[in-house]
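Keep in mind the model is a prediction, meaning the values are calculated, not measured. Each chain gets a letter, A, B and so on, in the order its sequence line appears, and its residues count up from 1.
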Amino acid sequence: MNVAERAKKFDAKLIKLYPDAKCSLDYNNPLELLVATILSAQCADARVNKVTKDLFAKYRKAADYAGADIEELERDVRSTGFYRNKAKAIKSCCADLVVKHGGKVPDTMDELTALQGVGRKTANVILGNAYNMAEGIVVDTHVGRIALRMQFSSVKNPDKTEKALMELIPKKEWTAFSHRVILFGRETCQAKKPQCASCPVTNLCPWPDKTSD
DNA sequence: CTCCCGATAT
DNA sequence: ATATCAGGAG
């Protein structure tokens, strides 16, 4: 079976397993999703949701973050880790929103990735979920790991992995595909202890050594 | 490549 | 104790 066929069957199986897969970060508008996604770096989204519950009540507009006291904002996001970088990114990024975008979150890849603390992964999350205009595929730690194990990509580089996946997955599936793979990564194909014995797609998986990458 | 970094599971 | 969690910047 070639890689295109395996990818097709892999996603078909995930669709059956996770027909309702969606973004698991809590948000009600593009700004909230932007902030939540910045906070989600190397942090479980359940924890991000705990933090944003209070954060979104306190900071309602981009100008609120832009004008925030940095040390107070650091305390507000502290439990998500990397809190100094994240607070700085949110403040500086929201200052840009106010100055360059009228306080709104832009909807193009170039404008999004020009913001402080926003890379391709974060931009893809916003474009796909807040604007329903995916320009690519979200490659986070789960998607990257599973693309390697499934040999959909031959290199760890997230940008190259994304390109490889874009060739294998139909564009209209891009956003939901990431959600499905992330759920699959959390529940079955974990980084440390993958559940190969009970894996629903083990017949499509070429990863021979189930104990290491 | 390294650094940023707390919370959680094992 | 250690690895991992919806990464990005220098």
Side-chain angles (χ1 to χ4, degrees), chain A residues 14 18 20-27 30-55 70-71 73-96 105 109-131 134-149 153 155-162 165 169 173-195 210-213:
Chain A
L14 291 192
Y18 309 113
D20 303 315
K22 58 179 180 56
C23 185
S24 49
L25 295 168
D26 295 336
Y27 68 98
L31 177 64
E32 289 187 355
L33 183 59
L34 171 63
V35 172
T37 309
I38 289 174
L39 293 177
S40 73
Q42 295 294 294
C43 178
D45 59 334
R47 172 144 304 279
V48 174
N49 290 335
K50 280 188 182 180
V51 169
T52 54
K53 186 173 187 293
D54 296 326
L55 196 70
I70 189 66
E71 292 185 5
L73 187 55
E74 286 176 357
R75 286 196 298 276
D76 290 334
V77 303
R78 182 178 176 281
S79 72
T80 65
F82 299 159
Y83 62 91
R84 279 187 280 262
N85 285 348
K86 288 175 180 177
K88 191 198 300 180
I90 290 168
K91 183 175 162 79
S92 140
C93 158
C94 283
D96 262 5
V105 178
M109 179 64 69
D110 287 344
E111 291 174 305
L112 284 167
T113 54
L115 299 169
Q116 180 68 32
V118 178
R120 232 193 124 79
K121 178 260 174 181
T122 299
N124 274 328
V125 169
I126 292 163
L127 290 170
N129 295 283
Y131 293 125
E135 291 185 30
I137 294 178
V138 171
V139 178
D140 70 332
T141 183
H142 296 292
V143 177
R145 177 182 69 251
I146 289 164
L148 271 180
R149 288 179 178 172
S153 173
V155 289
K156 270 189 177 171
N157 181 290
D159 290 339
K160 291 181 178 173
T161 296
E162 183 184 352
L165 290 174
I169 303 298
E173 297 294 332
W174 286 355
T175 300
F177 174 77
S178 297
H179 297 149
R180 292 192 281 273
V181 176
I182 288 163
L183 285 176
F184 173 62
R186 284 185 193 149
E187 297 179 3
T188 303
C189 197
Q190 296 99 333
K192 195 173 179 180
K193 202 179 65 171
Q195 313 291 314
K210 308 295 188 186
T211 58
S212 72
D213 285 318

Within residues 176-189 of chain A, which residues have any heavy atom lying less than 4.0 Å from an atom of DNA chain C? A:His179, A:Ile182, A:Arg186

Could you give all pairs that pass the salt bridge (charged side-chain N to carboxylate O under 4.0 Å, His left out) test and reach residues 33-54 of chain A, with sequence neighbours left out? A:Asp45-A:Arg186

Between A:Ile38 (CD1) and C:dA6 (C1'), how many Å, whole number? 13 Å

Roughly how far apart, to the nearest Å, are C:dA6 and B:dC1 at atom P? 23 Å

For nucleotides 3-10 of chain B, 5' to 3', base contacts (B), sugar-phosphate-only contacts (S) and non-contacts (-) with protein non-hydrogen atoms under 4.0 Å give -BBBSS--

Give, for atom CD of A:Glu135 and atom CG of A:Asp110, the distance between the pair rounded to the nearest 0.5 Å. 7.5 Å

Within this structure, what is the CG-to-P distance between A:Leu34 and C:dG8, rounded to whole angstrom? 11 Å

A:Thr175: what forms a side-chain contact (heavy atoms from CB on, under 4.5 Å) with it, not counting sequence neighbours? A:Asn129, A:Ala134, A:His179

First of A:Leu115 and A:Asp45 reached from the 5' end of DNA chain C, by closest nucleotide: A:Asp45

Please give me the minimum heavy-atom distance between A:Ser24 and A:Asn49, naming the atom from each residue. O-ND2, 3.0 Å

What's the CG-C1' distance between A:Leu25 and C:dC5, to the nearest Å? 12 Å

Rounded to whole Å, please give me the gap between CZ in A:Arg120 and P in C:dA9. 14 Å

Heavy atoms under 4.0 Å, any strand shown: does A:Val118 hit a base, just sugar-phosphate, or nothing? sugar-phosphate

Got a sec, which residues hit side-chain contact (heavy atoms from CB on, under 4.5 Å) with A:Gln195, two or more places apart in sequence or on another chain? A:Thr188, A:Gln190, A:Lys193, A:Ser198

Holding to ring-ring contact (aromatic ring centres under 6.0 Å, His included), I want the full list of residues that pass it with A:Phe82, two or more places apart in sequence or in another chain. none

Contact under 4.0 Å: A:Thr122 side-chain N or O vs C:dA6 OP1/OP2: no

Look at all strands and tell whether A:Gln190 reaches a base, only sugar-phosphate, or nothing, counting heavy atoms closer than 4.0 Å. nothing

Over how many whole Å does the gap from A:Lys121 atom NZ to C:dG7 atom P extend? 5 Å

Within this structure, what is the CG-to-P distance between A:Leu112 and C:dG7, rounded to whole angstrom? 17 Å

So do the side chains of A:Leu39 and A:Leu55 get within less than 4.5 Å of each other, counting heavy atoms only? yes

Distance check needed: C:dG7 C1' versus A:Lys156 NZ, whole Å only. 15 Å

Working for side chain to side chain donor-acceptor pair (under 3.5 Å), residues A:Ser40 and A:Lys121: CA-CA 11 Å; A:Ser40 73; A:Lys121 178 260 174 181; 3.3 Å; yes

Going from CG on A:Leu25 to CG on A:Leu34, what distance comes out if it is rounded to the nearest 0.5 angstrom? 11.5 Å

Rounded to the nearest 0.5 Å, what separates atom CZ in A:Arg120 from atom CG in A:Leu127? 9.0 Å

Nearest-nucleotide wise, let me know which of A:Ala46 and A:Thr113 is further upstream toward the 5' end of DNA chain C. A:Ala46

Report the distance from atom CD1 of A:Ile90 to atom P of C:dG8, rounded to the nearest whole Å. 13 Å

If you measure from the P atom in B:dC5 to the same atom in C:dG10, how many Å do you get, rounded? 14 Å

